[in-house]
Amino acid sequence: MGNTDKFEMMADRYDTPERIQIAKVSSNAIREYVVDAKSKNAIDFGCGTGLVGMNLLNDFNSMLFLDTSQNMIHQIEQKISSSNIQNAATLCFDVEKDSLTDLHADYIFMAQVLLHINDFDIVLSRLYETLEKDGHLIIVDFDKNEKIASDMVHNGFDQAELTDVMSKIGYRDIQSKTIYTGSKIFMGYDASLFVLDSHK
């Protein structure tokens, strides 16, 4: 997946106060769409050091932390071990390269992950296949920001355009809203985050 090398290098210093705060905002936004999930299984897709997923562990029966960066996975494994967490597992895997044929989940969430994925429609299709019937894919990411020009990331997303892409894949009951605006949180620019919930 995009920018894995960069994340490999920053894994052990990733958990800054700013990232912890935005993870809290993201997990609270995701939780709004999590209903009666104590018996459900979730995937924190592109989990990084697990900042978002760790906040949501108690909402689910089990959680799989999935990332392309082995160093990020190592960080989350240390957290799981030191807190003696019983309902979590990890997987280092690149969905851009392979399908998740053996995995199934009731909820998949991804926070600030889509902007790093080049061909994100392929990944969204593979995640659709991974979801159980009536499962949710919940995305938290940046609203489109024309000030940002980067060959490493998308400059955010137009919620209506993303909804259209996902509808064509088969996602339904898609709803989204802007949830947070922060100073210099996206490549040094002020930016806003949205949450999008969809069903299979």
Side-chain angles (χ1 to χ4, degrees), residues 1-7 10 14 19 22-23 25-30 32-34 42-53 56 64-69 72 91-100 103 105 107-131 135-182 185-187 189 191-200:
M1 205 156 68
N3 303 324
T4 301
D5 296 350
K6 191 176 73 160
F7 288 114
M10 63 196 290
Y14 187 80
R19 288 198 178 103
I22 287 182
V25 169
S26 300
S27 48
N28 286 341
I30 290 166
E32 279 188 45
Y33 300 99
V34 175
I43 296 175
D44 182 353
F45 181 79
C47 63
T49 61
L51 288 177
V52 173
L56 294 165
L64 177 68
F65 290 91
L66 187 151
D67 203 281
T68 57
S69 162
M72 289 288 193
L91 177 65
C92 189
F93 190 85
D94 192 339
V95 179
E96 277 189 287
K97 293 181 180 161
D98 294 296
S99 291
L100 288 159
L103 283 180
Y107 284 83
I108 301 172
F109 52 87
M110 52 201 300
Q112 290 165 268
V113 175
L114 206 60
L115 77 160
H116 294 285
I117 301 173
N118 235 344
D119 298 324
F120 60 83
D121 47 345
I122 292 171
V123 170
L124 291 172
S125 295
R126 286 179 175 164
L127 294 180
Y128 183 83
E129 291 161 13
T130 303
L131 279 175
H136 290 249
L137 173 65
I138 306 172
I139 297 170
V140 177
D141 221 314
F142 289 109
D143 285 306
K144 199 164 202 54
N145 191 328
E146 299 298 350
K147 292 178 184 169
I148 292 165
S150 168
D151 53 5
M152 292 199 331
V153 295
H154 298 284
N155 64 344
F157 300 93
D158 178 292
Q159 294 177 39
E161 287 175 11
L162 183 57
T163 296
D164 192 43
V165 168
M166 293 178 69
S167 296
K168 287 180 176 136
I169 292 168
Y171 291 98
R172 59 186 174 80
D173 302 336
I174 302 169
Q175 50 187 324
S176 66
K177 62 183 178 181
T178 298
I179 53 166
Y180 181 81
T181 302
I185 57 171
F186 187 12
M187 310 282 283
Y189 288 93
S192 58
L193 284 167
F194 67 88
V195 63
L196 179 149
D197 176 49
S198 62
H199 292 234
K200 179 166 181 176

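Please read all numbers here as calculations on a predicted model, not as lab measurements.
Phe194 is linked by a ring-ring contact (aromatic ring centres under 6.0 Å, His included) to nothing, counting only residues two or more places apart in sequence or in another chain. Looking at residues two or more places apart in sequence or on another chain, you find a ring-ring contact (aromatic ring centres under 6.0 Å, His included) between Phe186 and Phe142. Taking Phe93 as the reference, nothing meets the ring-ring contact (aromatic ring centres under 6.0 Å, His included) condition, with sequence neighbours excluded. For Gln175, there are no side chain to side chain donor-acceptor pair (under 3.5 Å) partners two or more places apart in sequence or in a different chain. Residues satisfying the side chain to side chain donor-acceptor pair (under 3.5 Å) criterion with Ser176, sequence neighbours excluded, are Gln159.
In this structure, Leu115 CG and Lys144 NZ are separated by 11.0 Å, a value rounded to the nearest 0.5 Å. With values rounded to the nearest 0.5 angstrom, Ile122 atom CD1 is found 12.0 Å from Leu127 atom CG. To the nearest 0.5 Å, the span separating CG on Leu196 from CD1 on Ile30 amounts to 11.5 Å. Interatomic distance, Ile108 CD1 to Thr130 OG1, rounded to the nearest 0.5 Å: 5.0 Å. The distance from the CG atom of Asp173 to the OG atom of Ser198 is 9.0 Å, given to the nearest 0.5 Å. Ser125 OG to Tyr171 OH: the interatomic distance, rounded to the nearest 0.5 Å, is 7.0 Å.
Leu114 has its side chain within reach of Leu124: a pair of non-hydrogen atoms, C-beta onward, lies under 4.5 Å apart. Contact annotation: the side chain of Tyr180 never approaches that of Val140 to less than 4.5 Å [non-hydrogen atoms, C-beta and beyond].
Judged by distance alone, with hydrogens and angles left aside, the side-chain atoms of Lys200 form no donor-acceptor pair with the main-chain N or O of Gly135 at under 3.5 Å. Here the side chain of Asn145 pairs no donor or acceptor atom with the backbone of Asn155 at under 3.5 angstrom. Under a 3.5 Å cut-off, the side chain of Asp158 and the backbone N or O of Ala160 do form a donor-acceptor pair.
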side-chain contact (heavy atoms from CB on, under 4.5 Å) between Leu51 and Arg19, worked out: CA-CA 8 Å; Leu51 288 177; Arg19 288 198 178 103; 4.0 Å; yes
Would you sort out whether Gln112 and Leu193 count as a side-chain contact (heavy atoms from CB on, under 4.5 Å), showing the intermediate values? CA-CA 9 Å; Gln112 290 165 268; Leu193 284 167; 4.1 Å; yes
Assess whether side-chain contact (heavy atoms from CB on, under 4.5 Å) is satisfied between Ile139 and Met166, documenting all intermediate values. CA-CA 11 Å; Ile139 297 170; Met166 293 178 69; 3.9 Å; yes
From CA spacing to verdict: side-chain contact (heavy atoms from CB on, under 4.5 Å), Leu56, Asp44: CA-CA 9 Å; Leu56 294 165; Asp44 182 353; over 6 Å; no
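Of the listed residues (Ile117, Ile43, Asp141, Leu66), just one forms a side-chain contact (heavy atoms from CB on, under 4.5 Å) with Met110, and that residue is Ile117.
Between Phe157 and Phe120, the distance separating the two ring centers is shorter than 6.0 angstrom.
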Pairs under 3.5 angstrom only: tabulate donor-acceptor contacts from the side chains of residues 146-153 to other protein residues two or more places apart or in another chain.
from	atom 1	to	atom 2	distance (Å)
Ser150	OG	Met152	N	2.9
Ser150	OG	Val153	N	3.4

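Aromatic ring pairs are classed by plane angle as parallel below 30°, tilted from 30° to 60° and perpendicular above 60°; the pair Tyr107 and His136 is parallel.
Between Asp143 and Ser192, the shortest heavy-atom distance links the atoms OD2-OG, 2.7 Å. The minimum heavy-atom distance linking Ile169 with Asp121 is given by the pair CD1-O, 3.7 Å. In terms of heavy atoms, Ser69 sits closest to Cys92 at C-SG, 4.0 Å. Minimum heavy-atom separation, Phe65 to Gly53: CE2-CA, 3.7 Å.
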